[in-house]
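In what follows, a structure is listed as structure tokens, so that the remarks can point back to it.
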Amino acid sequence: MYSTTSVSQEVDSAAVPDDKGTTKATDPRGPLREIFMPEADAANFFRRRSRRAAKSQDEIDAEQRQVLAADKRKRENHEEQMNEFENYAEEEHDEQDERTRESTEQWREFHYDGLHPPQEYNRQST
């Protein structure tokens with residue numbers, strides 16, 4: 001089983017902001033000092049709150065904002081897909097109407113005998 005002191009021998013730091021107030025100019029490693037901290041400090045950082053401890057209001061608010069943003073993205077994506085489908089369906093319907101109209105005209109022209117007025121003008125109005 002893994003030891004609790006170190007997860008990996010290669011990693012000896014974690015990406016957690018440094019609260020010690022060092023500046024970029026005084027630290028020879030520059031901006032990396034702000035990102036990385038010793039492994040012991042990182043382990044303590046993750047142990048600050050246990051799984052069963054109550055979340056702070058800031059954590060709850062942040063999670064709620066993430067959920068609301070995800071819901072908004074899903075809703076916008078769904079609306080976009082519905083609009084695309086409606087446009088597609090409308091175009092298909094229009095094309096089908098055009099094909100039907102054209103085939104009806106061709107049928108009428110083929111079956112017109114020249115003796116009677118065309119069907120369009122021979123309809124009884126009700």
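Between atom CZ of residue Arg75 and atom NZ of residue Lys72 there is a gap of 8.0 Å, rounded to the nearest 0.5 Å. Rounding to the nearest 0.5 Å places CD of Glu86 at 14.0 Å from NE2 of His93.
Of the possible polar contacts, none joining the Glu76 side chain to the Arg73 backbone as a donor-acceptor pair under 3.5 Å is found. Side chain of Asn87 to backbone of Asn83: a donor-acceptor contact under 3.5 angstrom is found.
In this structure His111 satisfies the ring pair (Phe, Tyr, Trp, His ring centres under 6.0 Å) test together with Trp107, sequence neighbours excluded. With sequence neighbours excluded, no residue satisfies salt bridge (charged side-chain N to carboxylate O under 4.0 Å, His left out) with Glu90. Considering only residues two or more places apart in sequence or on other chains, Glu95 meets the side chain to side chain contact (heavy atoms under 4.5 Å, CB included) condition with Glu92, Arg99.
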Output, in order, the C-alpha distance, side-chain angles, deciding distance and verdict of side-chain contact (heavy atoms from CB on, under 4.5 Å) for Gln57 and Asp61. CA-CA 6 Å; Gln57 190 62 40; Asp61 293 343; 3.0 Å; yes

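Electrostatic pairing of Arg108 and Glu105 does not count as a salt bridge here, judged by no charged N lying under 4.0 Å from a carboxylate O.
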